[in-house]
Amino acid sequence: MAPRWKWKGAEAKALAEPVSETVLELQSSFAQTVASGFLSSCNVLLSVEPEQADLLDRCCFGRPVVSVEKDKRWIQLSFEEAFFLFYKLKCVKISLHGCSLENEVDLWRSMSSFKPNFAISYKAYSHLRSKNWIVRSGLQYGVDFVVYRHHPSLVHSEYAVLVQSISGIDRLKVWSDIHCSVRLTGSVAKTLLVLYVNGIVKTENMNLPLCLEDYIVEEQTIRRWSPELSREDKTRT
Amino acid sequence: MEEKDSESEKEAGLLCNDDEEYQFGGSVPKFQFRVGSSKARWIAELGMAEVELKRGKLWTTTGIIRTGKTYCFIEEALYLSEIGELQLLGDEDDVVISLKDLYREIAEGKCGCCWEDYEVYRYLKGLGYILGRHGVPWTTKDVVNTTPSDEDESLCAGEFSQDKDSITKRLSDMQICDARPVFDVYLPNSHFKKSSPGEPSFVACFSGDSPPSKEEIEVLQKRVASPLMFCHIVEGRASFFSFNSIDLLVLP
């Protein structure tokens with residue numbers, strides 16, 4: 001499916017401002033003023049300057065918490081987003097119970113204790129982000145993530161992502177799961193993308209972010225074919 | 001057997017994009033044996049029928065050719081019998097084999113085609129697609145050796161026994177999900193030639209009660225050059241899914 005741009009000129013704007021460049025801008029801005037947040041059992045609350053809030057929005061990290069406060073903005077980040085900003089982009093500090101979690105291992109373990117299979121979910125998230133796709137929650141479509149090739153204000157998301165792993169719960173294990181997911185994603189003009197995250201974690205990497213290096217991500221799309229619509233073969237003479 | 005009525009199909013199309021609804025719309029058409037339909041004789045040991053009289057152009061896309069004779073598999077014979085294009089005669093005599101007997105053969109799955117396979121066969125044939133059993137050449141060049149008919153039968157028997165084995169294995173391995181390629185499917189094509197069919201558009205596969213695992217798909221894709229399409233039939237409703245390994249684009 002071709003990308004569905006939301007307005008005339010959206011594609012040109014996207015080409016002019018690649019996601020990777022905006023992320024670099026974010027990194028350098030946060031390097032000067034490190035933002036700090038704190039961990040809850042399900043997310044990270046980050047306090048930022050208005051300009052930084054704007055950058056986070058342009059890269060699609062988190063959701064703003066609306067309040068009357070003017071000089072500070074509060075952003076709610078998922079674990080995956082927060083860990084990515086902390087570990088990969090190195091632009092936030094996160095604390096728990098008043099203590100700053102300087103060490104990525106502590107943060108990793110805290111998040112893992114709150115969210116089962118955080119390692120797999122994060123591996124999938126960072127895999128997609130590393131290809132410069134914008135990644136958001138896919139809950140409203142019954143999937144884990146939806147990915148956009150640029151900011152959601154410019155384009156509709158193209159893929160609905162399900163994360164599958166041997167170590168996690170088996171998704172799509174019966175035919176009705178396949179029918180359900182494919183039909184749902186098709187009805188919102190997205191392609192179902194399954195990310196298989198597997199690997200044998202080395203003993204020394206257990207419970208550490210280093211285990212991420214032991215995982216491989218494989219991508220597979222699942223599409224339904226309609227025989228009634230495909231009968232014309234334009235390639236044959 | 002449910003058939004689509006083109007009138008209600010158009011109407012349904014206006015209301016929704018759901019093509020599955022088409023299967024239940026419309027009336028059941030009445031088929032009649034046309035005067036001078038084709039005739040074939042069932043050969044029990046082969047599990048195939050030898051065509052004795054051909055009528056119509058349908059034989060350009062049905063049946064396999066071995067040393068000048070045309071043979072058809074049970075699904076082909078049954079389909080043509082259902083639509084009144086073929087009279088299938090018994091081994092010993094000229095009594096027409098009833099649909100009931102053919103349905104029973106398919107239900108028992110002993111001739112290399114089980115009911116599930118047949119539903120897909122019938123559905124796609126009805127839409128104009130061309131189907132052949134995967135791994136069975138449409139035609140073979142004449143082989144040297146014994147008398148043509150002996151060679152012929154052993155060729156067919158050989159292919160037949162391969163099919164028979166795979167079905168037996170599948171029936172006995174119900175616990176294990178067994179992904180198997182069943183039909184080579186070609187798009188509707190009035191210029192189709194058995195001597196040079198080209199590559200099929202896809203190979204219709206079945207994986208049984210569960211969807212195919214990633215490993216099963218990989219194994220199958222290594223063996224089969226064409227794209228794979230996995231079929232799932234429930235209560236006469238056929239769905240086709242393709243599982244494709246991709247490498248998601250790296251964006252700028």
Side-chain angles (χ1 to χ4, degrees), chain A residues 3 14-22 127-134 147-150 158-159 161 164 166 170-179 181-183 186-187 191-196 198 217-237, chain B residues 4 6 9 13 16-20 22-23 120 123-130 177 185-192 198-199 201-202 204 207-215 217-218 221 227-234 237-252:
Chain A
L15 272 169
E17 298 167 18
V19 169
S20 56
E21 281 179 20
T22 321
H127 171 83
L128 295 164
R129 275 281 183 186
S130 69
K131 291 191 174 189
N132 293 316
W133 287 79
I134 301 279
V147 291
Y148 301 78
R149 69 171 58 209
H150 209 281
E158 284 161 65
Y159 293 97
V161 183
Q164 183 97 300
I166 293 171
D170 221 359
R171 325 286 283 283
L172 303 178
K173 60 179 168 185
V174 291
W175 275 113
S176 53
D177 292 338
I178 304 257
H179 283 269
S181 295
V182 172
R183 183 180 272 269
S187 72
T191 303
L192 182 62
L193 173 64
V194 182
L195 291 186
Y196 291 92
N198 289 305
V217 180
E218 288 167 291
E219 300 153 350
Q220 180 194 68
T221 56
I222 305 181
R223 288 184 160 92
R224 200 173 141 257
W225 174 71
S226 173
E228 280 102 350
L229 303 176
S230 314
R231 280 176 278 185
E232 254 178 55
D233 183 17
K234 297 175 180 73
T235 60
R236 276 191 202 269
T237 47
Chain B
K4 298 185 303 305
S6 59
E9 186 180 36
C16 68
N17 284 328
D18 194 341
D19 53 89
E20 271 108 340
Y22 297 175
Q23 297 215 9
V120 166
Y123 178 59
L124 291 176
K125 279 296 278 192
L127 290 171
Y129 290 89
I130 299 165
C177 182
V185 183
Y186 303 80
L187 293 176
N189 176 12
S190 53
H191 303 299
F192 182 80
E199 288 301 314
S201 293
F202 64 86
S207 65
D209 295 328
S210 309
S213 68
K214 187 163 84 67
E215 292 70 35
I217 297 166
E218 275 164 15
Q221 193 71 86
L228 303 176
M229 200 69 76
F230 284 84
C231 316
H232 184 233
I233 307 251
V234 173
R237 182 177 284 217
S239 307
F240 301 88
F241 295 97
S242 62
F243 298 78
N244 307 295
S245 285
I246 65 159
D247 196 5
L248 189 67
L249 183 66
V250 176
L251 297 168

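In the text below, chain A, chain B and the rest are named by the order of the sequence lines, each starting its count at 1.
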So for [X], is it side chain, backbone, both, or neither that comes closer than 4.5 Å to the heavy atoms of chain B?
| X | answer |
| --- | --- |
| Leu193(A) | side chain |
| Val182(A) | side chain |
| Leu172(A) | backbone |

**Study point:** Heavy-atom closest contact (Ser239(B) atom, His179(A) atom, distance)
**Key:** OG-CE1, 3.1 Å

Study note, to complete from the structure: What one should report as the nearest heavy-atom pair of Leu249(B) and Arg149(A) is CD2-NH1, 4.0 Å

Between [atom1] of [X] and [atom2] of [Y], what distance do you get to the nearest 0.5 Å?
| X | Y | atom1 | atom2 | answer |
| --- | --- | --- | --- | --- |
| Gln220(A) | Glu218(B) | CD | CD | 8.5 Å |
| Thr191(A) | Asn244(B) | OG1 | CG | 10.0 Å |
| Phe243(B) | Ile178(A) | CZ | CD1 | 4.0 Å |
| Arg223(A) | Phe241(B) | CZ | CZ | 13.0 Å |
| Glu218(A) | Ile246(B) | CD | CD1 | 12.0 Å |

Are the side chain of [X] and the backbone N or O of [Y] linked by a donor-acceptor pair below 3.5 Å?
| X | Y | result |
| --- | --- | --- |
| Trp175(A) | Ile233(B) | no |
| Lys131(A) | Leu248(B) | yes |
| Tyr129(B) | Pro227(A) | yes |

